[in-house]
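Remarks on the structure that follows.
Chain A is the first sequence line, chain B the second, and so forth, proteins listed ahead of strands; every chain is numbered from 1.
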There are 2 protein chains.
Amino acid sequence: MKRITTEDVAKIAGVSQSTVSRVLNDYPYMKKNTRDKVLAVINELGFTRDEIARSLVEKRTKSIGLIIGSISNPFFAETAEAIIERAQELKYDVIIYNTGHKDENLEQAINLLIGKRVEGIILTSVSKNYTEKIKKLHDSGFPVLLYNSFLDIKDVNFIVMDNNKGARLAVQHLLKLGHKKIAKISGPSKYLATYERTIGYKQELRENGYEIDEDLIFNSEFSYDRIYSFTKKLLKKNDRPTAILAASDQMALAVLDAASSLNLKVPEDLSVVGFDNIRLAANEFIGLTTISQQMDHMSLTALEKLIYLIENKEASSSSIQVFLKPELIVRKTTGPAPIQA
Amino acid sequence: MKRITTEDVAKIAGVSQSTVSRVLNDYPYMKKNTRDKVLAVINELGFTRDEIARSLVEKRTKSIGLIIGSISNPFFAETAEAIIERAQELKYDVIIYNTGHKDENLEQAINLLIGKRVEGIILTSVSKNYTEKIKKLHDSGFPVLLYNSFLDIKDVNFIVMDNNKGARLAVQHLLKLGHKKIAKISGPSKYLATYERTIGYKQELRENGYEIDEDLIFNSEFSYDRIYSFTKKLLKKNDRPTAILAASDQMALAVLDAASSLNLKVPEDLSVVGFDNIRLAANEFIGLTTISQQMDHMSLTALEKLIYLIENKEASSSSIQVFLKPELIVRKTTGPAPIQA
DNA sequence: TTCGATTTTGAATACGTATTCAAAATCGAA
DNA sequence: TTCGATTTTGAATACGTATTCAAAATCGAA
C-alpha cells in the first residue's frame with residue numbers, strides 16, 4: 001500500500017511537485033488550466049495531503065491536548081464534548097489523555113503531548129504536587145490552561161469557579177432548611193479546587209456558630225464504590241447527618257445510591273447537594289440540587305482562551321485568569337431537615 | 001522560542017546528529033561514555049524528541065482515531081474511557097472526533113484523521129448512507145473497525161451486539177409482566193444497530209400475536225428534548241402504553257424524566273427498559289432495567305482488534321466480525337402491568 | 001514585431017528525525 | 001608492536017511537504 005505523494009501527482013499531471021503544492025494551498029498565481037489538471041489527478045488518485053509532513057515544515061500541528069481525570073464522569077464528558085466540537089470548528093483536533101486521576105500519568109501525558117507537538121494543553125484536575133512542573137511549562141512559553149483547577153502561583157493560566165463561594169452557597173441553603181448536621185464528601189485534597197470547597201464548607205459552618213466535626217468529612221479518591229460505602233456507613237450511624245454536600249454531581253449520585261439502598265427517602269430523610277450541574281442533574285426523575293459551574297460557558301471559554309494563547313504568542317506575557325461565579329440551583333434533593341434524625 | 005533539536009544537542013555534546021539519534025533509540029553499540037555525555041546534554045537542555053518528524057521517517061504515528069456520535073452520552077463516554085486508557089498502555093494516542101450524529105461530519109472526520117495519518121479508526125454510529133465510503137476505505141487496506149454498528153456488506157470489520165435479540169429479550173420480559181401496549185423509542189433508522197432493535201421489537205410482538213401500532217414507535221434523533229416531549233405527549237393519551245422500550249439508556253433517562261414530570265410512578269404506572277447498561281443504570285436510585293452490551297468487553301475488544309489490524313497488515317485480508325450476546329438485566333424500572341391504564 | 005512588465009512555473013532547499021554505508025577507532029591474539 | 005576483526009561514529013540521504021529564488025512564458029503597448 002504505497003502512499004500517494006505530491007511527487008506522484010506531479011509526475012502524472014506533468015508538472016513539478018511545487019506546482020502541486022501550490023494547488024493544495026490555493027496559491028493565486030496559477031493558470032486555471034494547470035490547476036484543473038492537477039486537481040483532476042488528485043481526485044483520480046484519491047490523494048490526501050500528509051499533514052504530518054506539512055506540520056514539520058509549517059511548524060504547526062493544529063492540534064491541542066486535553067488531559068482529563070476521568071472522561072466517564074459526566075462533568076468531564078460534557079466538558080470534552082463542548083471543547084472538541086468547538087475545536088473542530090476552528091480546525092483543531094484534540095488528543096485526549098485520561099489520567100484516571102493518577103499523578104504519574106499526568107507527567108507522562110504532558111510529555112507525550114509535547115512530543116506530539118500539540119500547540120497547547122487544557123489540563124483538568126491538576127494536583128498541587130505538580131505546581132512546579134506546570135509553572136516551568138508555562139514559563140517556557142508553552143500555552144497551558146488549567147480548567148476547573150488552579151495553582152497557588154501568579155504566573156499560570158486558569159479558568160475556575162469560585163469554589164469557596166460555591167460551597168458556602170450550598171451550606172447556607174442547607175442551614176436555612178434547618179439542617180444542623182451536614183456531612184461533606186470531598187475529593188482528594190491535593191486538588192485545590194475541591195480543597196477550596198471543603199474550606200468554604202468549614203468557614204460557612206464556623207461563621208454560623210457550628211463546630212467542625214471531622215468525622216463528617218470524607219476525603220476520598222474519585223471512586224464511586226468508596227464513596228458509596230463510606231456514605232452507607234455514615235448513614236447507618238445513630239447520629240447520622242441529615243444533609244450531605246458532595247464535591248461533584250457524580251459523587252452526589254453515589255450518595256443518592258447509598259441512601260436509596262438504605263431506604264432513606266430524599267429529601268424527606270436526607271438532603272443532598274452536588275456540584276457541577278451536569279445535564280442529568282436537571283432530569284426530573286433525579287432533580288439534583290447543585291452548584292452550577294456554568295459548564296458550557298467554562299469549557300468554551302477555556303478553549304477560546306487557549307486558542308488565543310496559541311495564536312498570539314507574543315501577547316502571552318500576561319496570564320489569563322478567569323473566575324466564574326457559582327450559582328445555587330435548587331431542585332428536589334434538598335428539603336427541610338427531618339424533625340429528628 | 002526556538003525549538004531544541006538533535007542537531008543542537010549534538011553540537012553541545014560534541015558528537016554528530018546521528019549519534020544523538022542513536023542514543024534516543026537505545027542503539028546498543030555505543031560507548032557508555034558517549035551515551036552518558038549525550039544524555040546529560042539532553043537533560044540539561046530539556047530536549048524532547050519531535051515525534052512529528054519521527055513519524056515522517058518511520059511512517060508510523062502511533063495514533064488512532066475515535067469517531068463518536070456524542071461523547072456526552074454515557075455509553076460513548078464509558079466506551080471512550082476504556083479505549084483511551086488501553087490505548088495509552090499500548091503507547092498509542094487517541095484523536096477524538098465528535099460528529100454530533102451529523103452525517104456530513106462523519107465524512108469530514110474521516111478525511112481529517114486520514115490526513116493526520118492515524119493508523120486506524122474506530123467508528124461508532126455509522127449511518128448506512130456511508131456504506132460505500134467505509135467499504136472503499138476498508139478495501140484500500142486501511143484499518144477501520146465499526147463499533148456498536150455494522151453494515152450490510154461482507155468485507156468490513158465490526159463488533160456489535162445482536163441487537164435484534166436484545167430487543168426481543170426486552171419485549172419478552174415486558175410481555176411476561178402482562179404489558180400489552182409497549183411503545184418503542186428508537187434512534188434514527190439510518191443506524192442499522194438501532195434499526196435492528198426496532199425490527200426485533202416488531203418481530204417479537206408479532207410472534208406473540210400482537211399487531212404493530214406505528215403510533216407507538218418514535219424514530220428520533222438522539223435529542224433529549226425531542227424524546228422528552230414525544231414521551232410526554234404519548235403518556236398523556238387516554239390509551240397510553242404501560243411500558244416503553246428505549247433505544248438506549250440515555251433515552252430511557254429522558255423517558256423517566258417525562259414520566260416523572262407527569263407524576264407517573266415507575267414501575268407502578270409505567271415500565272421502562274433501556275439499552276446499553278451504562279454504569280448509572282445500576283445506581284439503586286435509578287435502577288434501570290436494561291439490555292447489557294458488555295461495554296467494557298466490547299470496547300476493549302474493539303481496541304485490541306484494531307491494534308491487531310494495524311500491526312498485522314498482511315493478515316488483514318480476512319475481516320474481523322464479532323457478535324456479542326445481549327443480556328437482560330432486570331432492575332427496578334419494570335414491574336407488572338397496571339390493572340388498567 | 002519588439003521589449004519591458006507581469007504572470008506562471010520549476011529546481012533547490014528546509015523542516016527534524018532515523019538509517020545506510022563507510023570510515024575511524026579500538027581490541028585482542030600472536 | 002602488528003594486523004585482522006570488531007566496535008563505534010559520522011556524512012549523506014530519505015521521509016513528504018511548503019517556499020524561496022530565479023528562469024521561462026505570456027502579455028500589452030508601441
Side-chain angles (χ1 to χ4, degrees), chain A residues 1-39 41-42 45-63 91 111-119, chain B residues 1-39 41-42 45-63 91 111-119:
Chain A
M1 200 189 58
K2 206 197 152 282
R3 205 107 281 167
I4 298 159
T5 70
T6 45
E7 199 64 59
D8 300 329
V9 175
K11 211 164 289 171
I12 297 182
V15 297
S16 73
Q17 184 268 331
S18 347
T19 298
V20 176
S21 177
R22 287 196 184 93
V23 172
L24 290 175
N25 292 290
D26 287 325
Y27 185 76
Y29 297 103
M30 303 197 69
K31 270 172 98 172
K32 182 164 184 327
N33 189 22
T34 317
R35 178 185 309 266
D36 291 348
K37 205 167 47 183
V38 172
L39 284 175
V41 176
I42 285 177
L45 298 184
F47 166 87
T48 41
R49 166 159 55 190
D50 187 327
E51 298 291 341
I52 294 292
R54 183 186 209 200
S55 291
L56 184 60
V57 17
E58 301 257 275
K59 293 167 179 259
R60 294 212 54 183
T61 54
K62 280 279 213 167
S63 52
K91 303 291 174 202
N111 291 341
L112 184 133
L113 291 172
I114 300 250
K116 290 278 180 172
R117 296 297 183 252
V118 297
E119 300 191 46
Chain B
M1 199 188 57
K2 205 196 154 283
R3 203 111 275 169
I4 299 160
T5 70
T6 44
E7 198 65 57
D8 301 329
V9 174
K11 213 164 287 170
I12 296 181
V15 297
S16 74
Q17 184 268 330
S18 344
T19 297
V20 176
S21 176
R22 287 198 183 92
V23 172
L24 290 175
N25 292 290
D26 289 324
Y27 185 74
Y29 297 104
M30 304 196 67
K31 273 173 96 172
K32 183 167 182 326
N33 190 22
T34 317
R35 179 186 310 265
D36 291 349
K37 206 167 47 184
V38 172
L39 284 175
V41 176
I42 284 177
L45 298 185
F47 166 87
T48 40
R49 166 160 56 190
D50 188 327
E51 298 291 343
I52 294 292
R54 184 186 209 202
S55 290
L56 185 59
V57 18
E58 300 257 275
K59 291 168 180 260
R60 295 212 53 183
T61 54
K62 280 278 212 169
S63 52
K91 304 290 173 202
N111 290 340
L112 185 132
L113 291 172
I114 300 250
K116 291 279 180 173
R117 294 299 184 250
V118 298
E119 300 191 47

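For the 3.5 Å distance criterion, the side chains of A:S16 and A:T19 qualify, holding a donor opposite an acceptor.
Remark: P of C:dT7 and OH of A:Y27 are 10 Å apart, rounded to the nearest angstrom. In this structure, A:I52 atom CD1 and D:dA14 atom C1' are separated by 17 Å, rounded to whole Å. Regarding B:R3, its CZ atom lies at a distance of 13 Å from the P atom of C:dC15, rounded to whole Å. Distance CG (B:D26) to P (C:dA18): 11 Å, rounded to an integer number of Å. Remark: C1' of D:dT17 and CG of B:D50 are 14 Å apart, rounded to the nearest angstrom. For the pair A:N33 CG and C:dT7 P, the computed distance is 18 Å after rounding to whole Å. Counting to the nearest Å, the P atom of C:dT17 and the CD atom of B:E7 are 9 Å from each other. Distance A:R60 CZ to C:dG16 P: 16 Å, rounded to the nearest Å.
Side-chain atoms of B:N25 never come within 3.5 Å of backbone atoms of B:Y27 as a donor-acceptor pair (strictly under, hydrogens ignored). Checking side-chain atoms of A:D8 against main-chain N and O of A:T5 turns up a donor-acceptor pair under 3.5 Å. No donor-acceptor pair closer than 3.5 Å links the side chain of B:T61 to the backbone N or O of B:S55.
Phosphate proximity of C:dG16 to A:K59: present, with a side-chain N or O under 4.0 Å from OP1 or OP2. The side chain of B:T6 places no N or O atom within less than 4.0 Å of a non-bridging phosphate oxygen (OP1 or OP2) of C:dG16. Within the 4.0 Å cut-off from OP1 or OP2 of D:dA18, at least one side-chain nitrogen or oxygen of A:R49 is found.
Scanning atom types as modelled, one donor and one acceptor separated by under 3.5 angstrom connect the side chain of A:Q17 and the base of D:dA18. One donor-acceptor pair, N or O on each side, does fall under 3.5 Å between the base of D:dT20 and the side chain of A:R22. The base of D:dA18 does not come close enough to the side chain of A:S18 for any donor and acceptor atom to sit less than 3.5 Å apart.
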Could you walk me through whether A:I42 and A:L24 pass the side-chain contact (heavy atoms from CB on, under 4.5 Å) check?
CA-CA 10 Å; A:I42 285 177; A:L24 290 175; 3.8 Å; yes

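For A:E51 and A:R49, the salt-bridge test passes: some basic side-chain N is under 4.0 Å from an acidic carboxylate O.
Base-pair partner of D:dG28: C:dC3 (Watson-Crick or G-U wobble, both distances under 3.5 Å). C:dA23 is paired with D:dT8 under the criterion used here, namely a Watson-Crick or G-U wobble arrangement in which both key atom distances are under 3.5 Å. The nucleotide C:dC15 finds its pairing partner in D:dG16, both defining distances of the Watson-Crick or G-U wobble pair being shorter than 3.5 Å.
At a threshold of 4.5 Å between non-hydrogen side-chain atoms, the residues A:K116 and B:K62 count as touching.
For DNA chain C, no neighbouring residue in residues 111-118 of chain B is found when judged by any heavy atom under 4.0 Å.
Listed nucleotides C:dG16, D:dT26, D:dT7 differ in distance to B:Y29; the shortest reach to its side chain belongs to D:dT7. Residue A:E58 has its side chain nearest to D:dT19 when only D:dT19, C:dT17, C:dT26 are considered. Distance from the side chain of A:S21 is smallest for D:dT19 among the nucleotides D:dT7, C:dT19, D:dT19.
B:V20 comes within 4.0 angstrom of no nucleic acid atom, judged by non-hydrogen atoms across all strands. In this structure, A:T5 reaches the sugar-phosphate backbone alone: every heavy-atom distance under 4.0 Å involves primed, P, OP1 or OP2 atoms, never a base. In this structure, A:T19 reaches the sugar-phosphate backbone alone: every heavy-atom distance under 4.0 Å involves primed, P, OP1 or OP2 atoms, never a base.
Smallest separation of non-hydrogen atoms from B:V15 and B:V20: CG2-CG2, 4.0 Å.
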